[in-house]
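In the text below, chain A, chain B and the rest are named by the order of the sequence lines, each starting its count at 1. When reading the values below, keep in mind they use all heavy atoms of this one structure, side chains included, and skip hydrogens, waters and symmetry mates.
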Amino acid sequence: MTKQQANWSPYDNNGGSCVAIAGADYCVVAADTRMSTGYSILTRDYSKICKLADKCVMASSGFQADVKALQKVLAARHLIYQQQHNKQMSCPAMGQLLSNTLYYKRFFPYYSFNVLGGLDSEGKGCVFTYDAVGSYERVGYSSQGSGSTLIMPFLDNQLKSPSPLLLPALDAVTPLSESEAVDLVKTVFASATERDIYTGDKLEIVVLNAEGIRREYIELRKD
Amino acid sequence: MDSNQAAKQHSLVGSEADSQRTLYPYVTGTSVVALKYKDGILMAADMGGSYGSTLRYKSVERLKAVGKHSLLGASGEISDFQEILRYLDELILYDNMWDDGNSFGPKEVHSYLTRVMYNRRNKFDPLWNSLVLGGVKNGQKYLGMVSMIGVNFEDNHVATGFGNHLARPLLRDEWHENLSFEDGVKLLEKCMRVLLYRDRSAINKLQIAKITEEGVTISPPYALKTFWGFSAFENPTVGAEGSW
């Protein structure tokens with residue numbers, strides 16, 4: 001009989017949900033602020049959203065230590081980019097960098113599920129969605145994290161994304177106005193909070209548009 | 001092929017037999033509980049060092065001052081805690097040697113500890129501790145926690161181990177901004193008493209530390225009053241003779 005081991009896992013799931021929606025001239029990125037482990041809540045007030053560049057915001061859920069490390073790596077790389085190019089990274093450029101950074105650790109992954117939101121070089125909203133090892137796609141809207149299975153179908157229903165098989169390709173960004181998109185995000189999180197135990201406490205909404213970045217907080221159910 | 005062997009051969013961590021890494025903890029400390037109050041941070045931990053189910057050491061100091069502005073409390077493997085203290089000694093020494101009038105505040109120490117814990121986890125050789133870091137610098141109170149795999153956060157009150165399950169709910173209910181020192185101590189003692197009743201590895205010998213702008217004070221060890229005179233505990237077998 002083999003000796004009893006106190007087995008530990010290098011990963012943990014600290015829960016939470018993230019959403020991003022792209023509009024014609026804005027982008028909404030939102031995430032809840034609950035951090036959990038197992039059946040316990042560690043804190044009700046933890047931000048999952050990180051501003052990577054002037055026009056680029058990332059929301060990540062999963063294993064918080066890996067998320068933090070990923071944010072640090074991207075922030076450092078962005079600093080270097082700014083020194084070398086004398087300008088901010090565009091959102092699509094950051095999108096590629098994030099994908100490469102994730103794949104770099106393909107054989108000991110960052111357990112981080114990300115959505116990147118921002119404005120592209122034309123000022124239109126863009127959202128990129130990722131898996132843990134860097135496969136990514138530009139989309140009109142996306143959700144990741146523990147509540148994504150509850151949120152994504154609802155977003156599909158409300159935002160009626162055109163089929164990617166159509167030719168010529170139709171724009172995936174939503175025709176909704178900024179305030180309508182923010183309301184949709186609030187509705188979506190209220191619903192996810194009801195049924196996902198890891199989502200709740202508070203909702204942090206970040207809106208990027210031509211004027212800049214604005215932040216909003218909404219209370220969610222704390223149970 | 002034996003499926004167990006197959007699993008081991010494809011295991012991410014390689015053969016356990018020639019391992020030099022931490023596999024499991026030996027001498028462990030139990031919960032640390034801490035909260036922010038009006039003037040700073042209050043932190044409490046008992047003085048037990050358990051060797052599995054044996055209570056081997058009864059005078060382990062699990063709360064230590066770090067530099068001028070921080071207080072560190074640790075649960076988990078005691079030897080790893082001692083190693084962390086050595087790392088911190090070196091960190092503070094180098095900070096002092098700059099002699100630039102600046103000194104590491106609790107945020108900096110917490111950040112350093114997070115990096116250390118995360119990097120050890122990346123090497124599959126963790127420091128088997130949950131650390132609580134509290135402090136005050138320039139009037140700003142700070143209280144944070146790091147786990148053995150690098151998960152970290154800050155909040156108005158934190159607890160490790162069993163404290164997370166038993167003390168946090170009490171703190172969520174009764175904590176408020178600008179607690180006085182007396183109220184803070186009462187609340188912390190309430191948490192420690194519950195842990196004493198319900199945590200098998202807790203002992204009735206604890207220290208409470210406070211850190212304010214003025215500095216760190218760690219109380220001498222003392223015991224909490226407990227009450228066992230419940231009628232249900234008298235003649236517990238009265239309804240079922242022969243049982244215990």
Side-chain angles (χ1 to χ4, degrees), chain A residues 1-16 31-50 60-73 75-76 101 104-112 198 200-202 204 221-223, chain B residues 2 4-5 7-8 11-13 16-17 19 21-26 28 52 76-77 110-111 113-130 143-169 171-172:
Chain A
M1 190 178 109
T2 45
K3 203 159 45 166
Q4 269 260 299
Q5 310 271 350
N7 237 327
W8 68 283
S9 166
Y11 292 113
D12 190 15
N13 190 354
N14 300 117
D32 69 324
T33 63
R34 173 177 286 179
M35 191 165 123
S36 335
T37 177
Y39 284 115
S40 298
I41 296 177
L42 289 173
T43 183
R44 299 187 190 275
D45 203 7
Y46 186 81
S47 174
K48 298 186 184 61
I49 300 183
C50 177
S60 324
S61 89
F63 174 44
Q64 184 263 353
D66 273 349
V67 167
K68 246 314 175 26
L70 183 63
Q71 289 171 351
K72 272 175 173 266
V73 167
T101 308
Y104 193 74
K105 291 234 308 153
R106 170 67 176 77
F107 301 107
F108 183 16
Y110 289 112
Y111 190 79
S112 168
Y198 296 112
D201 291 331
K202 242 186 359 217
E204 183 182 3
R221 280 183 70 152
K222 296 171 189 340
D223 63 359
Chain B
D2 189 294
N4 215 6
Q5 278 183 326
K8 280 218 184 70
S11 158
L12 263 174
V13 303
E16 302 286 7
S19 173
R21 306 174 281 106
T22 300
L23 296 173
Y24 31 76
Y26 283 88
T28 56
E77 172 63 56
H110 188 214
S111 181
L113 287 171
T114 305
R115 291 293 107 220
V116 168
M117 302 303 273
Y118 184 68
N119 278 303
R120 288 291 294 259
R121 163 262 185 200
N122 282 347
K123 295 194 278 199
F124 277 89
D125 184 15
L127 289 162
W128 208 290
N129 295 109
S130 285
L143 180 59
M145 224 188 89
V146 196
S147 80
M148 70 183 248
I149 46 175
V151 173
N152 72 293
F153 62 96
E154 52 159 316
D155 209 340
N156 295 318
H157 46 78
V158 297
T160 68
F162 263 98
N164 216 7
H165 295 99
L166 298 173
R168 273 329 263 299
L171 292 164
R172 286 208 177 100

Does some side-chain heavy atom of B:Arg172 sit less than 4.5 Å from a side-chain heavy atom of A:Ile41? yes
Within a strict 4.5 Å, meaning less than it, do heavy atoms of the A:Thr37 and B:Val151 side chains meet?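 Not in contact.
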Rounded to the nearest 0.5 Å, what separates atom [atom1] in [X] from atom [atom2] in [Y]?
| X | Y | atom1 | atom2 | result |
| --- | --- | --- | --- | --- |
| B:Asn152 | A:Leu42 | CG | CG | 10.5 Å |
| A:Thr43 | B:Phe153 | OG1 | CZ | 6.0 Å |
| A:Lys72 | B:Ser111 | NZ | OG | 4.5 Å |
| A:Trp8 | B:Leu23 | CH2 | CG | 10.5 Å |

Between A:Tyr11, A:Tyr39, A:Phe108, which has the largest tally of heavy atom pairs under 4.5 Å with chain B?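 With the most close heavy-atom pairs to chain B, the winner is A:Phe108.
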Nearest heavy-atom contact between B:Ile149 and A:Ala65 is O-CB, 3.7 Å
How close do B:Gly150 and A:Gln64 get, heavy atom to heavy atom, and via which atoms? O-OE1, 4.1 Å
Which region of B:Asn156, side chain (C-beta onward) or backbone (N, CA, C, O), has a non-hydrogen atom less than 4.5 Å from a non-hydrogen atom of chain A, or is it both or neither?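 When you check distances to chain A, no heavy atom of B:Asn156 falls under 4.5 Å.
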Go through the atoms of B:Met117 and report whether side chain, backbone, both or neither lie under 4.5 Å from a heavy atom of chain A. neither
No-hydrogen, no-angle side-chain donor-acceptor test under 3.5 Å, A:Asn7 and B:Tyr24: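 Distance-only check fails for A:Asn7 and B:Tyr24.
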What pairs meet the salt bridge (charged side-chain N to carboxylate O under 4.0 Å, His left out) rule with one or both residues in residues 144-158 of chain B, with sequence neighbours excluded? B:Asp155-B:Arg168
With sequence neighbours left out, what residues match A:Tyr198 under side-chain hydrogen bond (donor to acceptor under 3.5 Å, both in side chains)?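 With sequence neighbours excluded, A:Tyr198 shows a side-chain hydrogen bond (donor to acceptor under 3.5 Å, both in side chains) to no residue whatsoever.
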Salt bridge A:Asp12-B:Arg121, side-chain N to carboxylate O under 4.0 Å: no
Anything under 30° is parallel, anything over 60° is perpendicular, the rest tilted; go ahead and classify A:Phe63 against B:Tyr118. tilted
